[in-house]
2 protein chains.
Amino acid sequence: MTEDDDRMVLLRFVERFALVLRESGMPPMPARVLAYALADDADRYTAGDLARGLDVSPAAISGAVRLLVSLRLLSREREPGTRSDLYVLDDRDLWSRFMGTELATLERFEEAAASGVEVLGAHRPGGRRLAETRDFLAFLREELTAALARWPAERDRRAAARAAESSRATARRPAGQKG
Amino acid sequence: MTEDDDRMVLLRFVERFALVLRESGMPPMPARVLAYALADDADRYTAGDLARGLDVSPAAISGAVRLLVSLRLLSREREPGTRSDLYVLDDRDLWSRFMGTELATLERFEEAAASGVEVLGAHRPGGRRLAETRDFLAFLREELTAALARWPAERDRRAAARAAESSRATARRPAGQKG
DNA sequence: CACATACTTCACAAATGTGTGAAAGATGTG
DNA sequence: CACATCTTTCACACATTTGTGAAGTATGTG
């Protein structure tokens, strides 16, 4: 009962989150698998787990994990003496990796703009606009790279802040009488 | 001859750049229109200009500019006494705007992650991962917003550097004898 | 006010993408 | 070494997306 409810809540979330991932260009099934692996409580999944958990065919999982592994968003592991691969979502820097793939796209943008400047000529209005575009993309890439490097420290800082906050809250509850 | 060649070069670039835009989630035709408006030398286009320039049907342009205008990447203007709208690519902060739409996506991500924490509970492993995801997205949004605010100044700085560089180069050519 | 021009809307044909079932391929077990 | 289990590959049906032609709408012109 409650277990089924939980599962529905989870699957509903999966669809919601996957939708946003899809709007960022990820195909539907990989998006679902990523969202599921992120939100469900296990930290390693066999292909069968994912297929059953999402209630889709194993074939669909096969294609989805192939993409996710190639993007480094999942990694494949093998437990000795077992016949299934295990897919693990390395959440320590999942989002850094995700942004890594975005940075690669940004670089492709930059290259395209630069080649446009080259073939069209920087003196013409169109070429000038492309040069400015290229500069912007370069700037953005520098900024993102720097931000990404700051993230691990920032994450720990935020996690510590959250922990302090919640321990203050629990300390207040049992002993907080002398207001 | 040369004019046709130029046009081919332009259209080839348009396709190349549009391809990257498409990988970032933009539909093909809007991507082409944006790339064309960016790279061609005019600074305002009627729908007909775009249709002829890209050699596609006016109907396709209609849908494409609707999207681009809604994203604020093109703006629609109307010259008095004429019967066509003019589409202008406001390149002064085109890319800031483009990133603005990306920021909106980021915000949707953040909301989705936050709602996941809410419905799944922050104490479970899945919920904890989602909380970290939400934090990362918030961080990224702050960083991007800050970077975007820095861009105008940075752009002028880079433009000035380029101008100084090129004037130094032209000054060196005619008079640069006493090396 | 009929007409010409430019654009938009709509229905459709073509292309593309997506997930399934069936068959084939691995890999460990008795 | 036959078998059981799990995964991958492949062909296909289904759905979605895309851009076109044709018809309709708006707007300025004679």
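Sequence lines set the chain letters: A, B, ... in the order given, protein chains first and strands last, and positions in each chain run from 1. Just so we're clear, the structure is a prediction, and the values are computed from it rather than from any experiment.
B:Asp156 CG: more than 12 foreign heavy atoms inside a 6.0 Å radius. In the displayed structure, A:Glu111 atom CD is contacted under 6.0 Å by more than 12 heavy atoms of other residues, nucleotides or ligands.
Taking the side chain of A:Arg78 as heavy atoms from C-beta on, and the options D:dT9, C:dT27, D:dA22, the nearest nucleotide is C:dT27. In the set C:dG21, C:dT8, D:dT29, the nucleotide with an atom closest to the side chain of B:Tyr87 is C:dT8.
Proximity of residues 45-58 of chain A to DNA chain C (heavy atom under 4.0 angstrom from any strand atom) is restricted to A:Val56, A:Ser57. Near-neighbour residues of DNA chain C inside residues 61-77 of chain A, defined by a heavy atom below 4.0 Å, are absent.
Scanning all heavy atoms of the two residues, the minimum distance from A:Val88 to A:Asp43 falls at CB-O, 3.6 Å.
Here B:Arg32 lies in heavy-atom contact (under 4.0 Å) with sugar-phosphate atoms only.
Following rounding to the nearest Å, A:Asp85 (CG) and D:dT7 (C1') show an atom-to-atom distance of 9 Å. The distance between atom CZ of B:Arg22 and atom P of C:dA15, rounded to the nearest whole Å, is 15 Å.
Taking the ring centroids of B:Phe136 and A:Phe98, they lie at or beyond the 6.0 Å cut-off.
Side-chain contact, B:Tyr87 with B:Arg76: a donor N or O sits under 3.5 Å from an acceptor N or O.
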